[in-house]
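Order of the sequence lines fixes the chain letters, A, B, ..., with proteins taken first and strands second; residue numbering starts at 1 for each chain. Just so it is clear, the structure is predicted and the values come from calculations on it, not from any experiment.
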Number of protein chains: 2
Amino acid sequence: MADALDPAQMRTYFALTEAVSLLQYEVRQQLQSEGGLSYVQFEILAKLSEAGERQLTMTDLADGVVYSRSGLTHQAGLLEREGLIVRHVSPDDQRATVVAITKAGRARVAKVLPGHVRVVRELLFESLSARDVRTLGDMMSRARDHMRARPPRSAAPRKRSAGSAD
Amino acid sequence: MADALDPAQMRTYFALTEAVSLLQYEVRQQLQSEGGLSYVQFEILAKLSEAGERQLTMTDLADGVVYSRSGLTHQAGLLEREGLIVRHVSPDDQRATVVAITKAGRARVAKVLPGHVRVVRELLFESLSARDVRTLGDMMSRARDHMRARPPRSAAPRKRSAGSAD
DNA sequence: TATTGTTATACTCTATAACTATA
DNA sequence: TATAGTTATAGAGTATAACAATA
């Protein structure tokens, strides 16, 4: 029977998806109610925050988020309209668009971050010991790297390398 | 500094969300391409499958999935139109709607399940030992129970108990 | 009066395809 | 010719509010 997971795997898979789903639900509620941000918008702002001096292009951003270019353009448009980011043509490559977070953008992140952290801490970390946190981090880092390394089975997710084999 | 997670927590949180996000993305792709099902639709069918003889109402279903009633009605409508489920008035309570999976519904689940399991196994479990699976299952079960037990902070998620406070 | 579920509606998210401009 | 990004557009998902029917 190849098309079944063993009981332990089933239990783990369900617990994982359910826990993460509950966590995501709360996180989204918090970001929306306290900062008027969708999760994706928060992710974009957070990435720009982290970047510091480094100039990020639209492609760099799309790289992190699992997202289509047009979707990112749309979200960037919304954020720009709110004055949270600015876009300008890259001096290095006229085709590229450099995205930067504004002061207002940083302020917005600062506004929602405490609540965000509070939710994550109360929901997720409150039930985990320091040792659990390390163990979970190790496992998930490994899993993430494994998934990232895995080449897409069939359709290339038009990320950067266009699949000529198709 | 209460509004920050320690480095280990940050790493764990990011790894967890990123890994799960990658996994969900692949799972969704697979369900859509192999069975024309959204994840929510698959969840509904899976729940009905598991239920066996037990009769589930719309409310029972909404209970499992984090979902509004109208959203569930919408999805149930789509599934019924495809002949994958049937709905009829409950004999016990005339207000309630009993939902049941059809033969075609079971067939659809059987059709997508192997691929679903394959994705989960290849992406998630391939990088985890049997011991990891148990450990992860324990932690996530604990976290899930903790989150389920937690009363909503402010707005009651109109599930069943209507919040009279506010 | 409270509960179950549906309907109408509107809004957001996301992706595809066509397009422009630059390398 | 390939790449970066935008635009137009269309479809799916989700939620709110108003509603009907039953408990």
Query - With sequence neighbours excluded, residues passing side-chain contact (heavy atoms from CB on, under 4.5 Å) with Asp6(B) - result: Ala8(B), Gln9(B)
Query raised in the report: Among pairs that include at least one residue of residues 94-115 of chain B, which meet ring pair (Phe, Tyr, Trp, His ring centres under 6.0 Å), considering only residues two or more places apart or in two chains?
Result: none
Contact list (N/O, under 3.5 angstrom) for nucleotides 5-11 of chain D vs protein:
| residue | atom | partner | partner atom | Å |
| --- | --- | --- | --- | --- |
| dG5(D) | OP1 | Met58(A) | N | 3.1 |
| dG5(D) | OP1 | Thr97(A) | N | 2.9 |
| dG5(D) | OP1 | Thr97(A) | O | 3.2 |
| dG5(D) | OP2 | Thr59(A) | N | 2.8 |
| dG5(D) | OP2 | Thr59(A) | OG1 | 2.1 |
| dG5(D) | O3' | Thr97(A) | OG1 | 3.4 |
| dT6(D) | OP1 | Arg87(A) | NH1 | 2.8 |
| dT6(D) | OP2 | Thr73(A) | OG1 | 2.7 |

Query raised in the report: Starting at the 5' end of DNA chain C and moving along, which residue's nearest nucleotide shows up first, Gln32(A) or Gln94(A)?
Result: Gln32(A)
Query raised in the report: Heavy-atom distance under 4.5 Å between the side chains of Leu84(B) and Ile101(B), does that happen here?
Result: no
Query raised in the report: Could you state the NE2-P distance from His88(A) to dA4(D), rounded to the nearest angstrom?
Result: 18 Å
Review item, side-chain donor-acceptor pairs of residues 50-58 of chain B, under 3.5 Å, at least two apart:
| residue | atom | partner | partner atom | Å |
| --- | --- | --- | --- | --- |
| Thr57(B) | OG1 | Thr59(B) | N | 3.4 |
| Thr57(B) | OG1 | Asp60(B) | N | 3.2 |
| Thr57(B) | OG1 | Asp60(B) | OD2 | 3.1 |

Requested in this report: Could you say whether Asp93(A) or Leu78(A) is positioned toward the 5' end of DNA chain C, judged by the nucleotide with the nearest heavy atom to each?
Outcome: Leu78(A)
Query - Ser68(A) side chain, from C-beta outward: closest of dA23(C), dT14(C), dC13(C) - result: dT14(C)
Requested in this report: Measure from CG on Leu79(B) to C1' on dG13(D) and round the result to the nearest Å.
Outcome: 13 Å
Report summary line: Ordered by number, residues from residues 37-55 of chain A within less than 4.0 Å of DNA chain C (heavy atoms) are Ser38(A), Val40(A)
Report task. To the nearest Å, give me how far apart CG (Leu61(A)) and P (dT14(C)) are. Result -> 15 Å
Query raised in the report: For Gln75(B), which residues count as a side-chain contact (heavy atoms from CB on, under 4.5 Å) partner, sequence neighbours excluded?
Result: Ser38(B), Val40(B), Gln41(B), Ile44(B), Tyr67(B), Leu78(B)
Query raised in the report: Is Gln75(A) near enough to dC13(C) that one of its side-chain N or O atoms lies under 4.0 angstrom from OP1 or OP2?
Result: yes
**Report entry** Interatomic distance, Asp92(A) CG vs dT22(C) P [rounded to whole Å]
**Finding:** 16 Å
**Report entry** salt bridge (Lys or Arg N to Asp or Glu O under 4.0 Å) pairs, two or more places apart, involving residues 100-114 of chain B
**Finding:** Glu82(B)-Arg108(B)
Query - Residue pair Arg142(B) / Leu128(A), side-chain heavy-atom distance below 4.5 Å - result: yes
**Report entry** Degree of bending, the helix from dT1(C)-dA23(D) to dA23(C)-dT1(D) (end axes from five pairs; round to 10°)
**Finding:** 0°
Report task. Name all residues meeting the side-chain contact (heavy atoms from CB on, under 4.5 Å) criterion together with Ala100(B); count only those two or more places apart in sequence or in a different chain, and write none if there are none. Result -> Val86(B)
Report task. Could you name each residue pair satisfying ring pair (Phe, Tyr, Trp, His ring centres under 6.0 Å) that touches residues 93-140 of chain B, not counting sequence neighbours? Result -> Tyr13(A)-His116(B), Phe42(B)-His116(B)
Report summary line: Contacts satisfying side chain to side chain donor-acceptor pair (under 3.5 Å) that involve residues 85-98 of chain A (not counting sequence neighbours) are Glu80(A)-Arg87(A), Asp93(A)-Arg95(A)
Query raised in the report: Mind checking what makes salt bridge (Lys or Arg N to Asp or Glu O under 4.0 Å) contact with Glu43(A), not counting sequence neighbours?
Result: none
